[in-house]
Amino acid sequence: MKIAINRSFYIRIAAIIVVILIGVWMFFIGKQHTILIDNNKTGDIKALDEVYVQIDKQPEMVLYSRMRDQFVVTGQSHTLKITYVDENWNEVTIEKKLDIPLGENMMLLSVPYLVANQDSTQEEWLTHFESLAVSVDTGASEEVVTDETAAFADF
């Protein structure tokens, strides 16, 4: 039994490969990440009084001491811009390239640590964030009433 391989077979194989490549490409550029921007005391490094943070072309946000806010970004690679006033009243701007690891959904960026250690690696000021939210199970089972006239049964 001889299998006829003609031109349409190659076109189908090429179409399947193109669809797979587009899927992989969309996975990398379309994945959303949450970056928590933290302006809290880190060890012996004190928080900044006022700092302006911008990621990519998103609107700039202002953070005061002991504040935390977030950016929702799409993709793996981003540009971070931090502007603050130092102790000599000079405006300082720091620009860094930010690469989010592939499996991460939420990252914590420590602004005071980055400002104090500008030549440090990204792993030192950008860390994985795990939510501390705990679900509480009371053990009590509540009955769900689906009858719309059940409220009238008491009359």
Decide whether Ile45 and Leu109 are clustered together by the hydrophobic rule: side chain heavy atoms of Ile, Leu, Val, Met, Phe, Trp, Tyr closer than 4.5 Å, transitively.
yes
Quick one: side-chain hydrogen bond (donor to acceptor under 3.5 Å, both in side chains) partners of Tyr84, sequence neighbours excluded?
none
Please answer: with hydrophobic residues joined when any side-chain heavy atoms are less than 4.5 Å apart, are Val85 and Leu63 in the same cluster?
no
Asn88 side chain to Asn90 backbone, donor-acceptor under 3.5 Å
no
Working to the nearest 0.5 Å, report the span between CD1 of Ile100 and CE of Met106.
11.5 Å
Show me the donor-acceptor pairs, under 3.5 Å and distance only, between side chains in residues 36-44 and residues at least two apart or in other chains.
residue: Asp38; atom: OD1; partner: Asn40; partner atom: ND2; Å: 2.5
residue: Asp38; atom: OD1; partner: Arg68; partner atom: NE; Å: 3.4
residue: Asn39; atom: OD1; partner: Leu48; partner atom: N; Å: 3.1
residue: Asn39; atom: ND2; partner: Leu48; partner atom: O; Å: 2.9
residue: Asn39; atom: ND2; partner: Tyr64; partner atom: O; Å: 3.0
residue: Thr42; atom: OG1; partner: Asn40; partner atom: O; Å: 3.3
residue: Thr42; atom: OG1; partner: Ser110; partner atom: OG; Å: 3.2

Which is it for Trp125 and Val115 under the side chain to side chain contact (heavy atoms under 4.5 Å, CB included) test, yes or no, and what are the steps along the way?
CA-CA 9 Å; Trp125 45 266; Val115 168; over 6 Å; no
Quick one: side-chain contact (heavy atoms from CB on, under 4.5 Å) partners of Ile11, sequence neighbours excluded?
Arg7
Applying the side-chain contact (heavy atoms from CB on, under 4.5 Å) test to Ile35, which of Val72, Asp69, Val73, Leu80 qualifies?
Val73
Please, which pairs that meet side chain to side chain donor-acceptor pair (under 3.5 Å) have at least one residue in residues 9-26, sequence neighbours excluded?
none
Should Tyr113 and Met67 be regarded as members of a common hydrophobic cluster, given that ILVMFWY residues are connected when their side-chain heavy atoms come within less than 4.5 Å of each other, either directly or indirectly?
yes
Pairs in or reaching into residues 46-61: which pass salt bridge (charged side-chain N to carboxylate O under 4.0 Å, His left out), with residues at least two apart or in two chains?
none
Could you list who else is in Ile20's hydrophobic cluster, with ILVMFWY side chains joined at under 4.5 Å, directly or through other members?
Ile16
With rounding to the nearest 0.5 Å, note down the distance linking CD1 in Ile55 to NE2 in His33.
11.5 Å
Considering residues at least two apart in sequence or located in another chain, which fulfil the side-chain contact (heavy atoms from CB on, under 4.5 Å) criterion with Asn105?
Lys31
Write out all pairs satisfying salt bridge (charged side-chain N to carboxylate O under 4.0 Å, His left out) with one or both partners inside residues 88-115, taking only residues at least two apart or from two chains.
Lys97-Asp99
Please determine whether residues Ile94 and Leu108 belong to a single hydrophobic cluster, defined as Ile, Leu, Val, Met, Phe, Trp and Tyr linked transitively by side-chain heavy-atom distances below 4.5 Å.
no
Got a sec, which residues hit side-chain hydrogen bond (donor to acceptor under 3.5 Å, both in side chains) with Gln58, two or more places apart in sequence or on another chain?
none
State the CE-CZ distance between Met107 and Phe71, to the nearest 0.5 angstrom.
15.5 Å
Identify, with sequence neighbours excluded, every residue that meets side-chain hydrogen bond (donor to acceptor under 3.5 Å, both in side chains) alongside Glu130.
His128
Give me the atom names and distance for the closest heavy-atom approach of Gln76 to Leu102.
NE2-CA, 3.5 Å
Just jot down the side-chain contact (heavy atoms from CB on, under 4.5 Å) partners of Thr121, sequence neighbours excluded, or say none.
Glu123, Glu124
Residues that Ile22 engages under side-chain contact (heavy atoms from CB on, under 4.5 Å), provided they are two or more places apart
Val18, Met26
For residues Ala47 and Ser65, report the shortest heavy-atom separation together with the two atoms involved.
CB-OG, 3.6 Å
